[in-house]
2 protein chains.
Amino acid sequence: MARSTAESKAATAAKATGEAANASGKARQRGVTMTDVAQRAGVSRTTVSFVLSNRENTSISAETRIRIAEAVQELGYRPNAGARALASQRSDWYGIVTEIVTAPFAVDIIKGAQDQAWLDRRFLLIAPSDQADAHGPNQGLEDAAIEKLLEQRVEGLLYAATYHRGVHVPESANEVPTVLINCFDADGKLPSIVPDERTGGRVAVERLLQAGHTRIGVINLDPDIPAAIGRLEGAREALAAAGLELDPELVVSGHATADGGYAAACTILDRYREGQGRPTALFCLNDRMAMGAYDAIKERGLTIPGDIAVIGFDNQELIAAYLRPKLTTVALPFEEMGALGVRTLAALTAGQPIAADQQLVDCPLLERSSV
Amino acid sequence: MARSTAESKAATAAKATGEAANASGKARQRGVTMTDVAQRAGVSRTTVSFVLSNRENTSISAETRIRIAEAVQELGYRPNAGARALASQRSDWYGIVTEIVTAPFAVDIIKGAQDQAWLDRRFLLIAPSDQADAHGPNQGLEDAAIEKLLEQRVEGLLYAATYHRGVHVPESANEVPTVLINCFDADGKLPSIVPDERTGGRVAVERLLQAGHTRIGVINLDPDIPAAIGRLEGAREALAAAGLELDPELVVSGHATADGGYAAACTILDRYREGQGRPTALFCLNDRMAMGAYDAIKERGLTIPGDIAVIGFDNQELIAAYLRPKLTTVALPFEEMGALGVRTLAALTAGQPIAADQQLVDCPLLERSSV
DNA sequence: ACCTCCGACTAACGCGCGTAACCTAAATCA
DNA sequence: TGATTTAGGTTACGCGCGTTAGTCGGAGGT
């Protein structure tokens with residue numbers, strides 16, 4: 001194939017036309033490169049590169065730009081992201097490593113991050129992790145996953161957990177900017193983004209108070225985890241603001257499942273009679289427990305929200321939206337956390353300062369029908 | 001810096017030692033290349049490449065291999081996947097485009113695919129799609145996503161849907177091998193992997209028959225979708241094998257939600273009295289509807305499975321495992337479909353023939369406590 | 001008539017790596 | 001003893017692209 005750029009433009013055009021049918025047919029297998037485009041447009045590859053990357057400070061005639069655009073179109077040229085990354089020394093990729101792939105709970109973090117990355121014209125490489133999966137066949141998967149991501153030359157790392165907690169991030173993550181989502185660095189070095197549990201707890205109880213409830217039962221999680229601590233603290237704040245206190249007798253911890261919620265609700269409900277100290281509302285620290293509480297309440301012939309109002313936490317769609325009545329709950333801002341994570345990473349990789357070492361994201365109240 | 005490989009090995013070693021402290025300290029910023037490793041080990045870059053890629057038909061002394069391994073270790077060398085892909089003309093990447101990122105329903109497909117890809121030493125690029133998201137801000141996202149994946153030079157494409165249906169795949173997907181998961185090509189060209197709905201339906205009803213139920217109510221989905229057609233067909237098969245028929249009066253369609261299931265169950269339960277034709281078991285074509293059916297049953301003072309046995313379909317963990325009693329259901333084999341998708345893609349890209357144009361994957365019965 | 005400047009490009013190098021082809025000294029063989 | 005093989009490498013090229021440092025012809029200025 002003639003490669004001389006000295007070849008007359010007429011000849012080039014003729015050849016190009018001849019190939020057009022070819023190119024748009026099945027003959028084009030793969031590998032249309034920038035050089036092909038350049039040849040077809042009758043310019044140098046450099047010029048094509050300048051045009052395609054919208055380079056400034058470079059004057060290229062409108063006519064040439066058009067010819068190049070046509071050539072791109074006709075040949076079906078598609079840039080090679082890998083080659084570009086190699087030459088430009090930047091990949092436009094972020095990596096996210098998470099056990100979310102395994103546990104669908106907080107898949108919205110990925111969605112939020114994806115969307116934001118898309119807006120920023122960046123690509124998200126998702127890698128699996130086995131943080132919580134000690135018994136699986138994937139021991140050490142997490143380190144290997146980060147390693148793989150670094151081999152792809154990601155410019156930054158997101159590390160997400162399915163539930164709010166402290167984590168230890170593998171050392172290799174230190175080689176690029178890293179942001180934790182829905183968890184925080186137990187070693188206190190890396191920036192993180194977590195839900196504002198405290199405010200969420202306050203909002204929930206405020207909603208109950210606003211509906212006229214003053215005696216509120218709390219179905220608590222394992223009291224040691226950040227979610228329980230924060231949410232309970234918020235609940236106390238709200239009560240305090242109303243001049244009330246949280247009756248310790250009304251706080252029952254249980255296993256974070258529907259069965260646990262059922263048992264806890266039974267304990268509370270059976271301890272008192274109606275009007276004799278029995279709470280008129282239940283704040284369940286997660287939706288699964290609320291699901292169990294529903295059963296306990298219904299079993300006793302009580303109605304929701306008539307006799308007992310219920311408010312949950314987490315907004316697990318499959319539960320909250322399908323319970324009957326639909327559950328009013330406080331949502332965890334997974335999408336926002338994911339998006340903020342990407343934005344924070346962008347700032348970090350650009351060398352800009354970030355707002356704070358630990359950023360809190362609001363947990364909004366989702367009104368449905370259980371209060 | 002001396003680049004002569006003729007330099008005596010002693011000298012090279014000395015220099016290397018001098019640099020070691022440097023390399024293991026903070027001075028290493030980024031960009032340890034194979035050339036660095038080669039220099040440090042006192043060999044040519046080619047040799048390093050041969051060793052690292054375990055190339056056969058090449059004899060390299062054990063001593064040299066060790067020196068190279070040490071150099072890799074000491075310098076913290078990490079291969080550059082992009083450069084490798086460029087040079088070798090293969091990326092080891094598959095792309096998966098799916099609305100699953102948006103709707104967490106079938107995120108297990110991703111997990112299955114990820115795991116299999118990991119075993120095959122391949123990387124999965126996950127891109128969002130807006131197939132079902134007509135009102136979102138992401139119009140045309142899907143085409144753009146595929147385009148992006150092709151720019152990364154993925155070797156194959158997986159296209160996954162959240163629920164079993166026919167889809168139209170964007171044309172650009174034809175440029176690389178493509179496999180559909182949990183959906184099939186409405187144009188009938190691309191290979192696909194779908195759940196075996198029919199067998200699933202049969203298994204469910206067989207389980208009910210085995211428990212002694214002969215009068216079985218069916219809470220149906222929209223009767224036109226593949227899931228409903230297949231599952232119902234399977235149910236009929238199972239009954240036929242037992243010499244029974246499906247009473248059309250016992251098949252009620254409803255909206256695919258808990259409310260829909262509640263309404264449908266009410267219809268069936270209120271039509272008959274106990275022992276007067278009222279079914280003793282309900283086959284709900286999805287778990288959400290089973291959730292609603294639970295309420296209808298409990299509301300009438302009936303017990304599960306004592307008075308009415310219930311069996312679901314889909315195995316939506318958050319529902320099935322947390323209902324009380326826990327729901328016996330037929331699982332959709334998302335993970336297996338994802339894994340099989342990757343395996344099929346591997347065969348395709350290797351030029352091997354695939355088993356069939358449409359591969360069915362079994363839906364296993366998950367025994368819990370509602371039958 | 002000469003110099004300068006500017007518009008419109010192009011030549012050439014390097015990113016990090018895979019790989020075909022080649023090279024050299026020692027061991028083996030006829 | 002000379003020819004040939006073999007172990008153990010090395011040289012050089014190219015993958016597709018970004019980017020710096022030019023080149024070249026003509027318009028404007030003096």
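In what follows, chains carry the letters A, B, and so on, assigned in the order in which the sequence lines appear, proteins first and then strands, with residues in each chain numbered from 1.
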Notebook entry, point to check: When you measure from the side chain of B/Thr33, which nucleotide among C/dA8, D/dC17, C/dC17 comes out closest?
Noted result: C/dC17
Next item on the list: Send over the distance from A/Leu86 CG to C/dG16 C1', rounded to a whole Å.
Entry: 5 Å
Check: How many Å lie between CZ on B/Phe50 and C1' on D/dG8, as a whole number?
Finding: 11 Å
Item checked: Donor-acceptor pair present, A/Thr47 side chain and C/dA8 base, under 3.5 Å -> no
Item checked: Rounded distance in Å - CD (A/Gln39) to P (C/dT10) -> 13 Å
Notebook entry, point to check: Picking from D/dT20, D/dG9, D/dC17, which would you name as closest to the side chain of B/Ser61?
Noted result: D/dG9
Check: Does B/Thr64 or B/Ala87 map to a spot on DNA chain D nearer the 5' end, using the closest nucleotide for each?
Finding: B/Thr64
Check: Of the nucleotides D/dC13, C/dA20, D/dC17, which one has an atom closest to the side chain of B/Arg45?
Finding: D/dC13
Margin query: In whole Å, I'd like the distance from the CG atom of B/Asp92 to the C1' atom of C/dC17.
Written below: 14 Å
Next item on the list: State whether the distance check finds a donor on one side and an acceptor on the other, under 3.5 Å, for side chain A/Ser88 versus base D/dT19.
Entry: no
Margin query: Can you confirm whether the side chains of A/Thr46 and A/Ser49 place a donor and an acceptor under 3.5 Å from each other?
Written below: no
Next item on the list: Give a yes or no on whether a donor-acceptor pair under 3.5 Å exists between the nucleobase atoms of D/dT19, that is its base, and the side chain of A/Ser49.
Entry: no
Note to self: Rounded to whole Å, how long is the line connecting atom CD of B/Gln89 with atom C1' of C/dG16?
What the structure shows: 14 Å
Next item on the list: Using a heavy-atom cut-off of under 4.0 Å over every strand shown, decide if A/Arg55 touches base, sugar-phosphate, or nothing.
Entry: base
Next item on the list: Rounded to the nearest angstrom, tell me the gap between atom CG in B/Asp36 and atom P in C/dC15.
Entry: 11 Å
Item checked: Spacing between A/Glu56 atom CD and C/dG7 atom P, to the nearest angstrom -> 15 Å
Note to self: Does A/Gln352, at its CD atom, have more than 12 non-hydrogen atoms belonging to other residues, nucleotides or ligands within less than 6.0 Å?
What the structure shows: yes
Notebook entry, point to check: Which listed nucleotide (D/dG16, D/dT19, C/dC9) is nearest to the side chain of A/Ala83?
Noted result: D/dG16
Note to self: Using the side chain to side chain contact (heavy atoms under 4.5 Å, CB included) definition, which of the options A/Leu125, A/Asp143, A/Ile146 pairs with A/Val97?
What the structure shows: A/Ile146
Next item on the list: May I ask you to decide whether B/Arg84 forms a salt bridge with A/Glu151, counting only side-chain N to carboxylate O separations under 4.0 Å?
Entry: no
Item checked: Note: A/Glu175-B/Arg78 ion pair, threshold 4.0 Å (strictly below) -> yes
Next item on the list: In whole angstrom, give the distance that lies between atom CZ of A/Arg90 and atom P of C/dG14.
Entry: 23 Å
